Amino acid sequence: MKILHLVPLIGANAEYGGPARGTIRQAIALTDRSHSVTVLSLWKGLKPEGPANAGVELVTFPAHQLPILPGFGGLVSIAALNWLRHNVRNFDVVHIHGGREVWILNACRIILKAGVPFVIQTHGMLNPRKTKTVQSYDSVMTQRAYAPADAALYLTNYEERQLNKWNWMPRTELVLNGVDDPAMQLPVGIGDGRLRVVTTARIHPRKHMPDLVAAVSKLLQQNIQISLDIYGPDEGDVVNVEAAISRNGVQDSVRYCGPLAYGEVRSALSRYNAYVLPSRHEPFPNSLLEALATGLPSICTEECGIAPYLEANHAGIVVQHGADGIAQGLKRLAEEPNLRHELGQNALDLCNSTFSMSAVAERLEEIYLQSSRSDRNQGARL
């Protein structure tokens, strides 16, 4: 099968976060199952290179920003759309990753006109909005692009409910995020006395990084040995993180370390013995999956889509959102080195079973085949 993946942006500093990383993982896993896979994307900053020795073709074009539509939504590339217009009929199915990005929505219309089956995966980024401006945009742009899709892929039951609030949404299918190559053993020093905490995610208000800073401060006030390093590209909240560090007086124990390239994440994580993701309303974070695959004992809030899997498999600590809940989880890890070992090993087991990329690829094959065999009455859908 010839498969084309579209993702809004692939950047050297992981600006688009987990969906970009997840797209590459899916592409590699499908290639491992003898499919021909191409990824089409835009880029900013340093031009990204394709996955080494993975057999995935990466086609990228420079991103341009519409001044009237800030952020990822305003990314455009006429060249990328022209490439798609000339090449899309060479593929059996197209897998769209995105939300409300202008160029992605226009790409859907090109794919539909060409008569090629396509599925959409919105990674929790397409919840209905109450603002009139967004509602108007959705009625004119989003609905016309996504309604003709053959399937909408969701990560959690919450996301499925949100997608089904759109009365035009196509059939929904569950596809979990996966993670490749879990570690063979736990990180060295996982049971060391001092708790060395790390987090890796886009520094966006939704991630609630100041909550984590405040939680570390609470433990330091209890004379618990703990440090925190924060990695991730700035998505508008670094100023608040740095203010929280200053306000809590933890400059000697908490650092913002900037973004990490995808290839540096695992090696960086292995230097720590605990991971925390303080996000709220987080669908299925690839950053947490990376920590689990490294064997780190991890903490997330109850609003994270991975939380039920951690609880069911005793593979992490799930806490209430906010500084107090995170501090309680961190205190357990600081005072119970044996718990770190147990959670870390269970995390590796969970990655090898439930979150394996081979299982994700097999599931995608089923959906693609079902989509390619569907009755595409183009006259009724155009």
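Here the structure is a predicted model, which is why all the values come from computation and not from measurement.
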Test E159 against T172 for side-chain hydrogen bond (donor to acceptor under 3.5 Å, both in side chains), laying out the working first. CA-CA 10 Å; E159 184 182 8; T172 53; over 6 Å; no
Enter the distance from [X]:[atom1] to [Y]:[atom2] here, rounded to the nearest 0.5 Å.
| X | Y | atom1 | atom2 | result |
| --- | --- | --- | --- | --- |
| R109 | L105 | CZ | CG | 9.5 Å |
| H95 | Q26 | NE2 | CD | 4.5 Å |
| Q222 | S217 | CD | OG | 10.0 Å |
| R100 | L126 | CZ | CG | 5.0 Å |
| L163 | L155 | CG | CG | 9.5 Å |
| L330 | R332 | CG | CZ | 11.5 Å |

With the side chain counted from C-beta on, respond yes when [X] and [Y] share a heavy-atom pair under 4.5 Å apart, and no when they do not.
| X | Y | value |
| --- | --- | --- |
| H64 | L75 | no |
| I306 | F284 | yes |
| E303 | H208 | no |
| V250 | L228 | no |
| V360 | R25 | no |
| T199 | L277 | yes |
| D237 | P210 | yes |
| L174 | Y154 | yes |

**Evaluation steps, side chain to side chain contact (heavy atoms under 4.5 Å, CB included), between N177 and Q121** = CA-CA 11 Å; N177 281 345; Q121 185 170 4; 4.2 Å; yes
Quick one: closest heavy-atom pair of [X] and [Y], and the distance?
| X | Y | answer |
| --- | --- | --- |
| G99 | M125 | N-CE, 4.0 Å |
| E101 | Y137 | C-OH, 4.2 Å |
| S298 | L296 | OG-O, 3.0 Å |
| R33 | S358 | NH1-O, 4.1 Å |
| L81 | I110 | O-CD1, 3.8 Å |
| L288 | L310 | CD2-CD1, 4.4 Å |

Hits for ring-ring contact (aromatic ring centres under 6.0 Å, His included) against Y256, two or more places apart or cross-chain, chain-then-number order -> none
H123 meets the ring-ring contact (aromatic ring centres under 6.0 Å, His included) criterion, sequence neighbours left out, with H97
With hydrophobic residues grouped by side-chain heavy-atom distances under 4.5 Å, do [X] and [Y] end up in a single group?
| X | Y | value |
| --- | --- | --- |
| L195 | I190 | no |
| V276 | L186 | no |
| V198 | V265 | yes |
| L176 | I96 | yes |
| Y309 | I299 | no |

Quiz item: Are R171 and S371 close enough, and set up right, to give a side chain to side chain contact (heavy atoms under 4.5 Å, CB included), and what steps lead you there?
Solution: CA-CA 10 Å; R171 82 175 196 273; S371 298; 3.7 Å; yes
Counting only heavy atoms not in [X] (residues, nucleotides, ligands), do more than 12 fall under 6.0 Å from its [atom1]?
| X | atom1 | result |
| --- | --- | --- |
| Q320 | CD | no |
| Q251 | CD | yes |
| R280 | CZ | yes |
| I78 | CD1 | no |

Are any side-chain N or O atoms of [X] and backbone N or O atoms of [Y], one a donor and one an acceptor, separated by less than 3.5 Å?
| X | Y | result |
| --- | --- | --- |
| S41 | V7 | yes |
| E311 | A315 | no |
| R340 | D192 | yes |
| S246 | A243 | no |

The side chain to side chain contact (heavy atoms under 4.5 Å, CB included) partner of V216 among I226, I224, I245 is I226
Take F118 and F91 through the ring-ring contact (aromatic ring centres under 6.0 Å, His included) test and state the conclusion after the steps. CA-CA 10 Å; F118 72 101; F91 297 93; over 10 Å; no
Should the pair [X]-[Y] be classified as a salt bridge under the 4.0 Å nitrogen-to-oxygen rule?
| X | Y | answer |
| --- | --- | --- |
| K2 | D92 | no |
| R21 | E290 | yes |
| D229 | R196 | no |

- Task: Under the side chain to side chain contact (heavy atoms under 4.5 Å, CB included) rule, what do E366 and E173 come out as? Steps first, then yes or no, please.
- Result: CA-CA 10 Å; E366 297 171 356; E173 300 279 359; over 6 Å; no
* Looking only at side chains, do N164 and R161 share a donor and an acceptor under 3.5 Å apart? -> no
No-hydrogen, no-angle side-chain donor-acceptor test under 3.5 Å, T301 and E282: no
### Query
Going through the checks in order, is the side chain to side chain contact (heavy atoms under 4.5 Å, CB included) test met by H314 and L339?
CA-CA 10 Å; H314 192 53; L339 178 63; 4.0 Å; yes
